[in-house]
Amino acid sequence: MSPFRWDVLLVGFVLAVPVLALGLRGDFTTEEMVNRLPWCLLAGWAAVALVRAVATPPKPERKPKRRPVHRAVADAEPDGERATA
């Protein structure tokens with residue numbers, strides 16, 4: 001899964017809002033704020049990956065394919081064993 005999908009970017013931006021707000025308020029320096037923004041993208045990627053893994057329904061089980069029974073062989077060999085010459 002790409003870290004630049006729209007849902008990952010959206011969740012990363014939502015997680016970055018508090019970091020941006022603290023930077024605008026003056027609690028973080030610009031360097032601290034910029035250093036924390038990639039972690040917001042990583043956390044967004046992890047959150048989306050976790051939700052996708054949990055929300056994806058399991059794949060249905062495949063039914064085993066039945067082998068066709070050849071009538072000529074089944075009629076000639078009633079016990080299922082081949083006669084050797």
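We count residues from 1, following the sequence as given.
Screening residues 39-49 for salt bridge (charged side-chain N to carboxylate O under 4.0 Å, His left out), with sequence neighbours left out, gives no hits. For the salt bridge (charged side-chain N to carboxylate O under 4.0 Å, His left out) condition, no pair includes a residue of residues 8-18, sequence neighbours left out.
By the salt bridge (Lys or Arg N to Asp or Glu O under 4.0 Å) test, R25 pairs with D27, sequence neighbours left out. For the side-chain contact (heavy atoms from CB on, under 4.5 Å) test, residues two or more places apart in sequence or in another chain that qualify with N35 are E31.
For the pair R36 and L22, the minimum side-chain heavy-atom distance is 4.5 Å or more.
Using a 4.5 Å cut-off between side-chain heavy atoms of Ile, Leu, Val, Met, Phe, Trp and Tyr, with links allowed through other members, F28 and L37 fall into the same hydrophobic cluster.
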Review item, side-chain donor-acceptor pairs of residues 9-18, under 3.5 Å, at least two apart:
none

